[in-house]
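We name chains A, B, ... by the order of the sequence lines, and we start the count at 1 in each one.
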Protein chains: 2
Amino acid sequence: MREAVGDAVPANRPGRGRRPAARESILDAIRASEPLSRVELAAMTGLTEAAVSMTVRRLLEEGLVVETGRTPTGGKPRTLLRLDPAARLAVGVYLDRDTTTYVLTGQTGGVISRLARPAPTGDLLEHLTTDIGTLLAGSGVDRARCLGVGVVWPGPRGSMARFDDAPPHLRGWDSEELGQRLAAGTGWPVLVENDATAAAVGEYWVARVGPEQAFAALYMGSGIGAGIVVEGRAMRGGHGAAGEFGHVCVQVDGPECWCGSRGCLEILAGPRTVVTAARTDPVAAAEAGLDPSAGRGVAADFAAVARAARAGAPRCLGLLEDSARYVAAAAESVVNLLDIDLVVLTGPGFAAASFVYGPAIMRRVSDADTRTWGRSVTVTVSLAAATASATGAAALVLQSHLRR
Amino acid sequence: MREAVGDAVPANRPGRGRRPAARESILDAIRASEPLSRVELAAMTGLTEAAVSMTVRRLLEEGLVVETGRTPTGGKPRTLLRLDPAARLAVGVYLDRDTTTYVLTGQTGGVISRLARPAPTGDLLEHLTTDIGTLLAGSGVDRARCLGVGVVWPGPRGSMARFDDAPPHLRGWDSEELGQRLAAGTGWPVLVENDATAAAVGEYWVARVGPEQAFAALYMGSGIGAGIVVEGRAMRGGHGAAGEFGHVCVQVDGPECWCGSRGCLEILAGPRTVVTAARTDPVAAAEAGLDPSAGRGVAADFAAVARAARAGAPRCLGLLEDSARYVAAAAESVVNLLDIDLVVLTGPGFAAASFVYGPAIMRRVSDADTRTWGRSVTVTVSLAAATASATGAAALVLQSHLRR
DNA sequence: GGACTTCGTTCAGTAGCTTAAGAATGTGGG
DNA sequence: CCCACATTCTTAAGCTACTGAACGAAGTCC
């Protein structure tokens, strides 16, 4: 029902036999904690050693996994297994407002090559197809190894039509349709996802988060969202629109939000709000070098404010700290509601300003934490926050394929 | 890892074969939409008709399912299948502050018999064991049909020790330990869960919610919590402490909460706050007939306030409406964050006051809904809100067993 | 060199599904 | 009444992914 566009793996595979559970759990265990030996895999997955042995043999034959080294024990040494990074590839595309970013990643999520283009003015589909071709050709890899394409755009899946401020080149598109037509054009399966969920899956994949951790990725781009991964599965909600972190209410009677509600995080503390405040405050605008008459877009201006704050500009720092108070409160709500263990800040916004937001969230969460809940939540910043969406899109493809 | 106390069903059952997926999906489909024929089951579950046929035969032999009636078609009529309500039983126990409620339910969640006792002053375990015995003996059912005992207490799983206002008879207990010792004492498997999650599972079970609905049960007892069920699975979070709806922040710089944070829903709008406000406001206290010097406990006083409000008392109504504004905002946060389709109000608090909270939540959610998100969230009140915890506890047992 | 330890594989058996064919049970037409 | 026809359900054979148990492999220690 809720499988993504182009996902070629129905829940109950027709034909003979069922979807092998061993394959998925073994690959996921190796991904999260490589290198691992077969005995360790058996212990971690709960499978028998025999089952592990057979499944691993198949994975070795397929080239997904390689044996690398051994560790001495009392008896026969363990043979260590890793994912072969180059065995399978995936393309991730991030359709930002003014830039389209393409990445080609290997099986472990590492970026092999990258391409950035200005947002297309002509036919979106044509641009995507040719740019993906360029990316692959330029990196000289075997196209047959590529598993598919992940596409991320800002905002939830579905139609862009209902958003007033949709980027012009995306206006009128529907994510399902885009996915299907791109799949038809390129011949690869295409997954479409929102930026925050993709970033969460990417982080889960690249940062070796285990399925035992309840995990939330807070994503700040031109808006603010959250991707939530529990028990190794991304939460997409009833209609693929989960993660609207920006519309968590942090002030009952706050200002009206464009969504029709009041006091949403987005309107109180979103990047657009921060930038607007900076543009209209002469001091802050001067600190950040903003041109109040001709803003260069939310993302760029937000980054400028963050740079200024980092360099010591007090007014810009103040604006960010105001915003961070709200974000921290909303983050705490999410942590409390879902019993989250790990919060990762990611996306271009947090990439620029995590030095303010990170400590603010950590303070707010840890206060109640140790005192009341007897847990400890970790708050970190993604290592590749700026490009998290695109690599996340690629990780989506890897995940969906390796779970086959 | 995160299986509950006494749960006899590990994720990968040792021994021969795997956990049969067909059994679970068939039982769940019948539960949600009985009566169903075998062909319909095949269509709904994605299994083949042969698999359905075989699995159903086993279920018939076990007595879990019965054939009841047929519907004409063009050819051979369909044989309709239902759960046999009395085939399996479960006991649910709700350890409230001053009352302990016991229910015995059948397989469909219907209550067969009920027992209420004042909270024990002596040995908790002994009281539980004998009362459960009394309940079963009094209803004259076959003890062998009983699958187990579900126990619900206010607050998350784990130790009660860290809560200052824990009821005296529960103080010092840890949920794991209680479950294990009760299991040892009675010989039945025992599951322990918090009130909100149990109520959510109960509602999911009894109200025939399907797994395609993302579902949140908001529970108001002496505190306020949420149980979240997505894709048919209760979300328990990293440490079984998910659902702390009461500690969603609805006002960044709101008053300090006992949890160590600020502006939590609980402190702004929880039943305790409402009751305190009513006790200290002479007008409201008079309307509700509260004795300001000797409150009868939060639950009772809250119910009194709600009764007065329903009868037209303006001050009490005002207090509830104030509270409802906050609850509605927090509910909206949850709906937006998790893309929830269905919100059910349950627990004694909402049982008494849903006439205020229901419309308030509905208004707030539906405003942004149709305008922005193109979805439609349903807000309803549980049919058995007052006893939802106890029946939910029983439903937990049914669910865990039938998923074997 | 042989006992011991630990790791990994092989082999037979089984549960839970599949596909494919057929049996059961109704309807409607001559 | 009997015979197509439609539809539902069952049976039979086979495949796959596992399990358990025994065995082979590759080291260490004495």
Side-chain angles (χ1 to χ4, degrees), chain A residues 9-30 35-62 65-82 403-404, chain B residues 9-30 35-62 65-82 403-404:
Chain A
V9 187
N12 272 303
R13 190 164 41 165
R16 30 216 147 77
R18 276 179 299 173
R19 179 209 310 234
R23 187 191 166 94
E24 174 176 339
S25 30
I26 287 176
L27 279 171
D28 208 56
I30 298 182
L36 288 173
S37 70
R38 290 170 177 78
V39 254
E40 290 170 311
L41 281 170
M44 290 175 69
T45 59
L47 298 162
T48 60
E49 293 178 10
V52 171
S53 197
M54 286 192 307
T55 310
V56 165
R57 179 171 47 222
R58 238 166 303 184
L59 293 174
L60 287 168
E61 283 163 7
E62 293 177 50
V65 160
V66 287
E67 297 187 332
T68 82
R70 11 188 82 210
T71 39
T73 62
K76 174 174 173 177
R78 303 176 170 177
T79 329
L80 297 179
L81 300 164
R82 286 179 185 278
R403 282 192 172 168
R404 209 178 33 160
Chain B
V9 187
N12 271 304
R13 190 165 39 164
R16 36 218 144 75
R18 276 178 297 171
R19 178 209 311 234
R23 186 189 167 95
E24 175 176 338
S25 29
I26 287 176
L27 280 171
D28 208 56
I30 298 181
L36 288 173
S37 71
R38 292 170 177 80
V39 253
E40 290 169 312
L41 281 169
M44 291 175 68
T45 58
L47 298 162
T48 60
E49 294 175 9
V52 171
S53 195
M54 287 192 307
T55 311
V56 166
R57 180 174 46 226
R58 236 167 305 183
L59 294 174
L60 286 167
E61 283 163 7
E62 293 177 50
V65 160
V66 286
E67 297 187 334
T68 83
R70 6 190 84 211
T71 39
T73 61
K76 173 172 173 176
R78 302 175 171 177
T79 327
L80 297 179
L81 300 164
R82 285 180 186 278
R403 283 196 171 165
R404 205 179 34 159

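Checked against side chain to side chain donor-acceptor pair (under 3.5 Å), Thr73(B) has no partners two or more places apart in sequence or in another chain. In this structure Thr48(A) satisfies the side chain to side chain donor-acceptor pair (under 3.5 Å) test with no other residue, sequence neighbours excluded. For Glu67(A), the salt bridge (charged side-chain N to carboxylate O under 4.0 Å, His left out) partners two or more places apart in sequence, or in a different chain, are Arg38(A).
Within the model, atoms OG of Ser53(B) and CG of Leu47(B) stand 12.0 Å from one another, a figure rounded to the nearest 0.5 Å. To the nearest 0.5 Å, atoms CG (Leu36(B)) and OG1 (Thr45(B)) are separated by 10.0 Å.
The separation between Arg57(B) atom CZ and dG16(C) atom C1' is 13 Å, rounded to whole Å. As a whole-Å value, the separation of Arg58(A) CZ from dT10(C) C1' is 14 Å. The nearest whole Å value for the distance from the CD atom in Glu49(A) to the P atom in dG24(D) is 17 Å. Computed from coordinates, the Arg38(B) CZ to dT11(D) P distance equals 10 Å when rounded to whole Å. The CD-C1' distance, from Glu24(A) to dC18(D), rounds to 16 Å in whole Å. Rounded to an integer number of Å, the gap from CE of Met54(A) to C1' of dT16(D) is 10 Å. To the nearest angstrom, P of dT8(D) lies 15 Å from CD of Glu67(B). Here dG8(C) presents its C1' atom at 13 Å from CD of Glu40(A), a figure rounded to the nearest Å.
Closest to the side chain of Leu47(A), out of dC9(D), dC17(C), dT19(D), is dT19(D). Closest contact between the side chain of Ala50(B) and the listed nucleotides dT25(C), dG8(C), dT19(C) involves dT19(C).
A stem is defined here as three or more consecutive Watson-Crick or G-U pairs, each with both distances under 3.5 Å; for DNA chain C these stems are C:1-6 with D:25-30, C:8-30 with D:1-23.
Within the structure, salt bridge (charged side-chain N to carboxylate O under 4.0 Å, His left out) contacts touching residues 68-81 of chain A (residues at least two apart or in different chains) are Glu40(A)-Arg78(A). Under the salt bridge (charged side-chain N to carboxylate O under 4.0 Å, His left out) criterion, no residue pair touches residues 47-58 of chain A, with sequence neighbours excluded.
With contacts defined as side-chain heavy-atom distances shorter than 4.5 Å, the pair Val56(B)/Leu41(B) qualifies. Side-chain contact between Leu81(A) and Thr68(A): absent, with no pair of heavy atoms (C-beta onward) separated by less than 4.5 Å.
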Pairs under 3.5 angstrom, nitrogen or oxygen only, protein versus nucleotides 4-7 of chain D, please.
from	atom 1	to	atom 2	distance (Å)
dT7(D)	O2	Lys76(B)	N	3.2

